[in-house]
A.B. asks: 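Quick one: the structure is below, and I'll ask about it shortly.
Bear in mind that the values here come from a model prediction, so they are computed numbers and not experimental data. The chains referred to below are lettered A, B, ... by the order of the sequence lines, with proteins before strands, and numbering in each begins at 1.
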Amino acid sequence: MSDKLPWIILFGPLTAALLILLVTRRQRQLSAGLSVAAVALSFLGSCLLFLQTGDQHVQFAWLDFSPRLLVNFGVTVNVLSKTMLLVVTGVGLLVHVYSVGYMEEDRDMARYFGGLSLFMFSMLGIVLADNFVMMFIFWELVGVSSYLLIGHWYERPQAADAANKAFLANRIGDFGFMIGILMLWGLTGTVDFATLQTTLAGYQEKGMIGDILPYLTVAALMVFCGPMGKSAQVPLHVWLPDAMEGPTPVSALIHAATMVAAGVYLLVKISFLLALVPTAREVIAWIGIITAVMAALMATQQSDIKRVLAYSTLSQLGYMICAVGVAAGEAAMFHLFTHAFFKALLFLGSGTVIYAMHHEQNIWKMGGLRAKMPITFWTFLLGTLALMGCPLLSGFYSKDAILVAMAREHPAICVLGLFTAFLTAFYMTRLFVVVFINRPTSDAASHAHEAPAIMSWPLLILAVPAVGAGWKFVAGPFGLGGAHDETTHPGSVLLGYVPVLAVSAFIVGALLGFIVYRNRAADPINIAAFRRKFYFDEFYAVLIRLTQDGLARLTALVDRWVIDGAGVRGVSGATWGTGFMLRFLQVGNLQAYAFLFGLGVILAIYLAILS
Amino acid sequence: MVHEVVNQVMGVSEGLLPFLLLVPLVAAVFVLFGAPARPVSVGAAALNLGLALCQCVTYEKPFSYTLFDVVPSLDLKFLVGLDGLSLMMVLLTTLVTLGAVWMTSKVESGENAFYASLLFISAGAMGAFISFDLFFFYAFHELALIPTFLLIGIWGHGDNRVAAAWKITIYLAVGSIVLLVGLIGLYGSLPVGQRTFDLVKLRELATTTSLIAPSAQRWIFPLLLAGFGILISLFPFHTWAPEAYAAAPTPAAMLHSGVLKKFGLYGLLRVAVPLLPAGMQAWTNVLLVLLIGNILFVGYVAVAQKRLDLLLGYSSVMHMGYIFLGIASLNIIGLTGASVMMFAHGLSIAVLFAVAGEVRARTGTMRLDELGGLAQPMPYLALIFGLAMFASIGLPGFANFASELMVFFGAFGAGSGAFGYEAAVAGKFNLYQIATVCGLWGVVVSAIYMLRAYRRVFLGPLRSTSADVAAAGHPVTDDLSGNRRWALALLMAGLVVVGFRPGLLVNALQPVLLRTLPANVSATTMLPASGVPAHPQAAVVAVVPPRG
C-alpha cells in the first residue's frame with residue numbers, strides 16, 4: 001500500500017480532470033465535487049505519507065535508450081517532497097473548497113475545476129519528480145494549466161492576452177532550462193537527480209571539477225532560466241502581475257502559494273549542483289534581490305488590490321531565490337513554506353473583498369470594510385502582519401532566516417533585503433489601511449457583506465498556519481526552521497544585528513504607512529516609474545516590435561520575393577530552360593505527368609539492363 | 001495448443017497484409033463507378049483501420065514476402081512486408097484517412113470522384129509503406145501524389161487554387177524526377193552481382209559490406225535529399241506547401257500534410273540512411289544549415305502570417321525541420337525521435353487543418369483579423385483545436401513532445417566528441433548542438449504564432465465573420481455536430497496514447513532503426529550510463545565512420 005501512495009496522490013487529480021473533460025463537462029456541481037474529492041484524497045494521502053518514516057524511491061522506465069539515455073517516470077519521497085506535498089495539497093484543498101463558493105455563478109465552472117485538477121496533478125508531479133525530464137514535463141504542464149486558468153474568462157481581451165503572456169514568458173525560461181538539462185546530460189550521461197549528484201561527487205573526489213567549472217556554471221545558469229520564468233524573476237517577471245486577470249482563488253493557489261514557488265523548489269533540489277558553482281550562485285542571488293527590491297517598489301504605487309499582492313509575491317519570491325543564491329536552501333524552503341500559507345490567506349481574503357464589492361478591485365473605491373466583514377478583516381490582518389515580518393508570526397521567522405544567511409554571505413545583499421522588508425511593511429500597511437480602516441468611498445463599500453461560510457472557513461483555517469508555521473516545534477518536523485550555526489561561520493558585523501534591524505524595518509515601515517495613508521481618499525504619493533512598473537512592459541513592446549516582428553516581416557518578405565519569386569522561378573527557368581517538359585505540363589494536362597513518370601520507369605529498367 | 005492458435009492467427013494476419021492496399025483501392029474503383037460515395041468510403045477507411053490495428057496487435061517481428069514476381073531477371077518483384085517503422089506509418093495512414101474521409105463535408109459536384117481521389121491517395125500511401133521494394137515504393141508514392149493535384153485544382157478554395165495546383169504539380173514533379181535520377185544512380189552504383197530492388201536484401205548487404213562506393217554515395221545522396229526534400233518541403237524548397245494547403249480542400253490538406261509529406265522522410269530512413277551513410281555524413285553540415293532554415297526562418301515567416309490556413313501550412317513546414325534534425329543526428333535516439341514525430345505531426349496537423357476547414361465553412365474567412373471569440377459558439381472545435389495546438393507546440397502528454405525530446409537529446413549528443421568530460425573541458429559546441437539550440441528556440445517561436453492564432457480566432461469577444469458572410473446573414477452558431485466529433489477525437493486519442501506511453505512506438509521502432517544505422521555508425525561506443533570515467537576520456541554517442 002505504502003508504495004502505491006505516491007501514485008494515488010499524483011493521479012487522483014488527473015483522473016478527476018479527465019473525468020470532467022470527458023464525462024461531466026456539463027454538470028457544474030458534479031465537476032466541482034469530483035475535483036474537490038480528488039484533492040481531498042491527495043491531501044489525505046500526503047498526510048499518511050508524511051506520517052511514514054523513511055524515504056521512498058519508485059520508478060519505471062518511460063523512455064529507454066539505456067545506457068545512453070534513460071528517462072524514468074519516478075517519484076522521490078523524502079522530507080523535502082513530503083513537506084511540499086502537504087503544502088500543495090493542503091492549500092490546494094482549501095482553495096478548491098473556497099472556489100466552490102467563489103465560482104458559484106460562473107457558467108464555466110466545470111472547465112474551471114477541470115483546470116484546477118489538471119494543475120494539482122502537474123504541481124504534484126513537480127514535487128515528486130526524481131529526474132530533470134520528468135520535472136520538465138510537469139513544469140510545462142503547470143504552465144499550461146496556468147494558461148487555462150488565467151484565461152478562464154477568455155472573452156475578456158485582457159485575460160486572453162495575460163494567458164498568452166504568461167505562457168510565452170515561461171516558454172522563454174524553459175528554452176534555457178532545456179539547454180541546461182541537455183548540457184548536464186552531455187557531461188554525465190544522466191538526467192536523474194540522484195545519479196547526477198553521485199557523478200558530480202565523483203568528479204569532485206578526483207579533483208576534476210576545476211576543468212569543467214565554466215561548463216558547469218553555464219549549465220547551472222541555463223537551468224536557472226526555468227525558475228526565472230516560473231518564479232517570475234527579473235527580467236521574466238512581467239507575466240505574474242498580468243496573471244491576476246484569472247479568478248482570485250487561482251491567483252491564491254497558483255500565482256502565490258504553489259506554482260510560482262516551484263522554481264525555488266527546483267533550485268533547492270539541485271543545491272548539490274549549485275554548491276559547486278559559486279559564480280552562478282552569485283548571479284542567482286543578485287537576480288533574486290533585484291527582483292525583491294524592484295517588485296516592492298512597484299507594489300507601493302499599485303491601486304488594484306490583487307496587483308499589490310502580486311508584486312508582493314514577486315518580492316517574496318525574490319527573497320527565496322536570493323536565499324538559494326547565498327547557499328541557504330533551507331531558509332528558502334522555510335520561507336516558501338510560511339509564505340504559501342499567509343499569501344494564500346491574503347489572496348483568498350482579497351477574493352472575499354472583491355466578491356463583496358461586486359468585482360471592484362480598486363482599493364481607492366473600498367474602505368471601511370472592518371465593520372462590514374469582520375472575519376475577512378481579522379484574518380487579513382494576521383496575514384498582513386505575517387507578511388510584514390511581525391515578531392511571533394510565521395513570516396518573521398522565515399524572513400529572519402533568509403536575512404541572517406544574506407548577512408553571513410553578502411552584507412550588501414542583506415542591506416537590500418532589509419530595505420525590502422521596510423518597503424513590505426510600508427505597502428502592506430497602505431493596502432490594509434485603505435481597504436479596511438479608512439472611511440468607505442463608494443456605495444459598494446458601504447453595502448458590503450461578509451462572504452458565505454464556504455469562503456470564510458478556508459480563511460479561518462489558513463490563518464492558523466499563517467500565525468504558527470514559523471514556530472520551531474511546528475516547522476521542526478518538516479525539517480525547517482533549524483538553528484543557525486552562527487558559531488561555526490565567521491559572518492559579517494551585520495550578523496548579530498539582523499533580528500533587531502528586521503524588527504525596526506517592520507515597525508518603521510508600518511508606522512510610516514499608517515501615518516501617510518490614514519484617512520486619505522487618494523494616493524498622496526505619486527511616482528510614475530513605480531506605478532508604471534519601471535516601464536518594463538513598454539520596453540518589451542518596443543523590443544518585440546523591433547526584433548521579433550521585424551524579423552518575422554523580413555523573413556516573410558524574403559520568403560515571398562526572393563525564395564518563392566526570384567529563386568523558384570529563376571531555378572525552374574534554368575532547369576527547364578529547354579522547356580520540353582514544362583511545355584508538356586503547361587499545355588497538356590495531368591496525364592502528361594503520368595506519362596512522364598512511366599517514361600522514367602522504363603528508363604530505369606532500361607538503364608538497369610544495360611549497365 | 002495455444003501456441004498453434006497464436007501462430008495461425010499470426011499467419012492469417014500476415015496474409016491479410018495486402019488487403020490494407022486492396023481495400024481502399026477496390027473501394028475507390030467502386031466509388032468511381034457510382035457506388036454510394038460516403039458510406040463506402042467511410043466503411044472502407046474504417047475497415048482499413050481495423051486491419052491496421054489487427055496488424056499492430058499481432059505484430060511480433062518484421063516479416064516480408066513476395067506477392068508476385070515482375071521481372072525475375074532484375075530481381076524486381078512485389079515484395080510486401082511490415083516492420084516497426086512501416087507498421088507505424090500504416091497506422092498513421094489509416095487513422096488520417098478515416099479522419100479525412102469522415103470529416104469531408106458536402107461536395108457540391110463530383111462527389112464520387114472526390115471520395116475516390118481520397119481513397120486513391122490512401123491506397124497509394126498504403127502501397128508505398130508496405131512495399132519493401134524500391135521500385136514499388138516509388139511507383140505507389142507517385143500514385144498517391146497525382147490525385148492531390150486534381151483535388152486542389154478542381155475542388156480547391158479561393159482564386160488562387162489553379163495557380164497553387166500548378167505550383168505543387170510542377171514542384172513535386174521536379175522533385176520526383178530528381179529523386180528518380182538519384183534512385184537510378186543508386187541502382188547503377190550497386191555492384192553488378194548484387195543489383196536488386198529488394199530493400200531487405202539491400203539493407204542486409206549494406207550492414208556487412210560497403211555496398212556503394214563512398215565517392216558514388218556523395219553524389220547520389222544530394223539527389224535523394226533534394227528529391228525527397230522537395231516533397232518534405234525542406235528549406236528552401238518549401239514555398240509550394242503553404243499555398244497548396246491553403247488552397248486544398250480540407251481532407252486533401254489533411255492527407256497531404258499528414259501522410260504524403262512523410263513519404264520523403266520515410267524514404268530517407270529506408271534508403272538514404274542505411275545505404276548511403278558516407279554520403280549522408282558528407283552532407284550533414286549542409287542539411288543542418290537547411291533544417292535550421294526550416295525551423296527558424298520558416299518559423300518567423302509563420303509569425304508574420306495573417307491567415308490561419310497559411311499559418312498552419314508554414315507551421316507544418318517548420319516542423320519538418322525537427323524531423324530532419326533527428327535524422328541528421330544519425331544515432332538511435334535521434335532517428336527514433338524523428339520517426340515518432342512523423343506519426344505525431346501527421347495526426348496533429350491533420351486535426352489542425354480539419355478544424356481550420358470547419359472554421360472556414362462556418363465563417364467564410366481565414367483572415368485572423370476577421371475572426372475572434374469563436375470559442376463561445378463552437379466550444380468543441382475550440383477545445384479540439386486547443387489540444388492539437390498544444391500537441392503541435394510540444395506540450396507533454398502528447399506524442400509530439402516525446403518525439404521532440406528524443407530529437408533534441410539525439411541531436412545534442414550527435415557529432416564526434418560532443419560528449420562527456422573532455423568535451424565539457426574544451427567547451428566547444430559543434431554544429432549539431434547549435435542546431436539543437438536553434439531547434440529549442442523554434443519551440444518558443446512556434447508557441448508565439450500558435451498562441452497568437454488561437455487568441456485571435458477563438459478567444460476574446462466574438463467577431464464572427466467576414467463582411468460578405470455577415471451581409472448574407474450566415475449565422476455562426478453551430479459547433480461541430482454529432483458523429484464527426486468522434487473523427488477528431490480519434491486522432492487526438494492516438495496522440496495522447498503515444499504521448500503517455502511513447503514506449504509503445506519506441507519499442508517497435510528501435511530494432512528496425514538500429515539495423516538501419518550502418519554498422520560503423522551504430523558501433524557499440526556507448527556512454528557510461530552514469531559514473532565518472534576512470535581516466536578523463538570523451539565518450540561519444542555516435543562515432544563518425546572514417547571518411548572514404
A.B. asks: Contact part of B/Phe458 toward chain A, heavy-atom cut-off under 4.5 Å: side chain, backbone, both or neither?
C.D. replies: backbone

A.B. asks: Check each of A/Asp192, A/Val71, A/Ile137, A/Leu196 against A/Phe132 using the side chain to side chain contact (heavy atoms under 4.5 Å, CB included) test, and report the only one that passes.
C.D. replies: A/Leu196

A.B. asks: Please classify the contact between A/Pro214 and chain B as side chain, backbone, both or neither, with a heavy-atom cut-off of under 4.5 Å.
C.D. replies: neither

A.B. asks: If you count heavy-atom pairs under 4.5 Å between each of B/Val506, B/Ile448, B/Asn507 and chain A, which one has the most?
C.D. replies: B/Ile448

A.B. asks: Measure the spacing between CH2 of B/Trp240 and CD1 of B/Ile230 and express it to the nearest 0.5 Å.
C.D. replies: 10.0 Å

A.B. asks: Please look at A/Asp64 and chain B and tell me whether the side chain, the backbone, both or neither of the residue comes under 4.5 angstrom of a heavy atom of that chain.
C.D. replies: backbone

A.B. asks: Hey, could you give me the CG/CZ distance between B/Leu440 and B/Phe408, rounded to the nearest 0.5 Å?
C.D. replies: 4.5 Å

A.B. asks: For A/Leu14, is it the side chain, the backbone, both or neither that has a heavy atom under 4.5 Å from a heavy atom of chain B?
C.D. replies: side chain

A.B. asks: Of the backbone (N, CA, C, O) and the side chain (C-beta and beyond), which part of A/Val133 lies under 4.5 Å from a heavy atom of chain B, both, or neither?
C.D. replies: side chain

A.B. asks: I'd like to know which of B/Leu190, B/Thr436, B/Val444 tops the heavy-atom pair count under 4.5 Å against chain A.
C.D. replies: B/Val444

A.B. asks: Which region of A/Gln548, side chain (C-beta onward) or backbone (N, CA, C, O), has a non-hydrogen atom less than 4.5 Å from a non-hydrogen atom of chain B, or is it both or neither?
C.D. replies: both

A.B. asks: Tabulate below the donor-acceptor pairs under 3.5 Å that side-chain atoms of residues 162-175 of chain A make, not counting sequence neighbours, or state none.
C.D. replies:
from	atom 1	to	atom 2	distance (Å)
A/Asn164	ND2	B/Leu451	O	3.3
A/Lys165	NZ	A/Asp242	OD2	2.8
A/Lys165	NZ	A/Asp537	OD1	3.0
A/Asn170	OD1	A/Lys230	N	3.3
A/Asn170	ND2	A/Ala166	O	2.9
A/Arg171	NE	A/Glu140	OE1	3.3
A/Arg171	NH1	B/Ile393	O	3.0
A/Arg171	NH1	B/Val443	O	3.3
A/Arg171	NH2	A/Glu140	OE1	2.8
A/Arg171	NH2	B/Ile393	O	3.0
A/Asp174	OD1	A/Trp139	NE1	2.8

A.B. asks: Is there a donor-acceptor contact under 3.5 Å from the side chain of B/Gln305 to the main chain of B/Val301?
C.D. replies: yes

A.B. asks: Looking at A/Val218, A/Leu557, A/Asp549, A/Ile212, which has the largest count of heavy-atom pairs under 4.5 Å with chain B?
C.D. replies: A/Ile212

A.B. asks: Would you list the atom pairs, donor with acceptor, under 3.5 Å between side chains in residues 179-186 of chain B and any protein atom, with sequence neighbours excluded?
C.D. replies:
none

A.B. asks: Among B/Val298, B/Ile332, B/Leu296, single out the residue with the greatest number of heavy-atom pairs under 4.5 Å to chain A.
C.D. replies: B/Ile332

A.B. asks: Is B/Tyr314 close to chain A through its backbone or its side chain, or both, or neither, when contacts mean heavy atoms under 4.5 Å?
C.D. replies: side chain

A.B. asks: Find the one option among A/Gln158, A/Met183, A/Arg25 whose heavy-atom pairs under 4.5 Å with chain B are most numerous.
C.D. replies: A/Met183

A.B. asks: Does the A/Asn131 side chain pair with the main chain of A/Val191, one donor and one acceptor, at a distance under 3.5 Å?
C.D. replies: no

A.B. asks: Go through the atoms of B/Phe390 and report whether side chain, backbone, both or neither lie under 4.5 Å from a heavy atom of chain A.
C.D. replies: side chain

A.B. asks: Which region of B/Leu383, side chain (C-beta onward) or backbone (N, CA, C, O), has a non-hydrogen atom less than 4.5 Å from a non-hydrogen atom of chain A, or is it both or neither?
C.D. replies: side chain

A.B. asks: Where does A/Leu21 contact chain B at under 4.5 Å (heavy atoms): side chain, backbone, both or neither?
C.D. replies: side chain

A.B. asks: Shorter than 4.5 Å, heavy atoms on both sides: which option in B/Gly386, B/Ala304, B/Ala424 has the most such pairs with chain A?
C.D. replies: B/Ala424

A.B. asks: Flag the pair B/Phe409 / A/Phe65 as yes when their ring centroid distance falls below 6.0 Å, and as no otherwise.
C.D. replies: no

A.B. asks: Hey, could you give me the CE/CD1 distance between A/Met178 and A/Ile181, rounded to the nearest 0.5 Å?
C.D. replies: 5.0 Å

A.B. asks: Would you call the rings of A/Phe138 and A/Phe73 parallel, tilted or perpendicular, taking 30° and 60° as the class edges?
C.D. replies: perpendicular

A.B. asks: Looking at B/Gly503, B/Pro502, B/Gly394, which one has more heavy-atom pairs under 4.5 Å with chain A than the rest?
C.D. replies: B/Pro502

A.B. asks: Using 0.5 Å steps for rounding, measure from the CG atom of A/Leu69 to the CH2 atom of A/Trp185.
C.D. replies: 5.5 Å

A.B. asks: Below 4.5 Å from any heavy atom of chain A, which atoms of B/Val437 appear? Answer side chain, backbone, both or neither.
C.D. replies: both

